[in-house]
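This report refers to the structure that appears directly beneath it.
Every number for a ligand or one of its atoms is a count from 1 in the order of the listing.
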Amino acid sequence: MLHYCKKCGRIAQESYTQKVQKCDCCETIMLPVPPKYLFEGFDIAFKDKETERLLIEELVKTSPEFDQYLFDHRDEILAKQSVEFNAKMEHGRAVLENASRKVTCPYCKSTNVKKIGQLNRTVSTGLFGLGSKKIGKQWHCNGCGSDF
Ligand SMILES: [Zn+2]
Ligand SMILES: [Zn+2]
C-alpha cells in the first residue's frame with residue numbers, strides 16, 4: 001500500500017517493519033493513499049503520473065501541515081540522509097570487521113599481531129624463494145616475533 005506524507009509530499013511504499021508509517025524525510029506520520037488515486041486492484045502504484053500529481057495538489061498542498069520548503073528540498077534531504085546512512089553502515093561494517101579480526105598469537109597468546117601484507121609476502125618470496133618461512137603465513141606477532 002502506498003503512503004503519502006502530507007507535510008513534504010513524499011510518497012513511499014508501506015514498510016512492514018514499522019507499526020506506524022513515518023516519513024523518512026520529515027518524520028511525519030504518513031497516510032495511506034486513498035484508493036481513488038491507485039491503480040485498480042493494485043494498491044502499490046498510482047493510476048498514472050497525473051493521479052500522483054493530483055494527490056499532491058488535492059491532499060498534500062491543501063493540508064495545514066504542508067511545508068513548501070520540505071516539498072521543494074525533499075530530494076536533497078533524502079539524498080543527504082542516505083549519504084549519512086551509508087556512512088553509518090560503512091562505519092558499522094568496519095567496526096564489525098575489526099572485531100572479527102581479533103587474532104591472537106597461537107604461541108604467546110598476544111593480540112599484538114599485524115597482518116602480513118601481500119606486498120610483504122611477495123617481497124619475501126623474491127628474497128628467500130619458495131622456502132621462505134613467511135609463505136602461507138598471514139600474521140606476524142609483535143610479542144614473540146613469530147609468523148603464523
Ligand atoms: Zn514528509
Ligand atoms: Zn606471539
In terms of relative ring orientation, are Phe148 and Tyr107 parallel, tilted or perpendicular, with 30° and 60° separating the classes? perpendicular
Using 2.8 Å as a strict upper limit, say whether an N, O or S atom of Cys25 approaches the Zn ion (ligand 1) that closely. no
Which angle, to 10 degrees, forms at the Zn ion (ligand 2) with SG of Cys105 on one side and SG of Cys144 on the other? 110°
Short side-chain to backbone donor-acceptor contact, Ser63 and Phe66, under 3.5 Å: yes
Within rounding of 10°, what is the angle whose vertex is the Zn ion (ligand 2) and whose arms end at SG of Cys108 and SG of Cys141? 100°
Taking atom NZ of Lys80 as the centre, report whether more than 12 heavy atoms of other residues, nucleotides or ligands fall under 6.0 Å from it. no
Is any side-chain N of the basic residue among Glu65 and Lys6 closer than 4.0 Å to the acidic one's carboxylate O? yes
To the nearest 10 degrees, could you say what angle the Zn ion (ligand 1) makes with SG of Cys5 and SG of Cys26? 100°
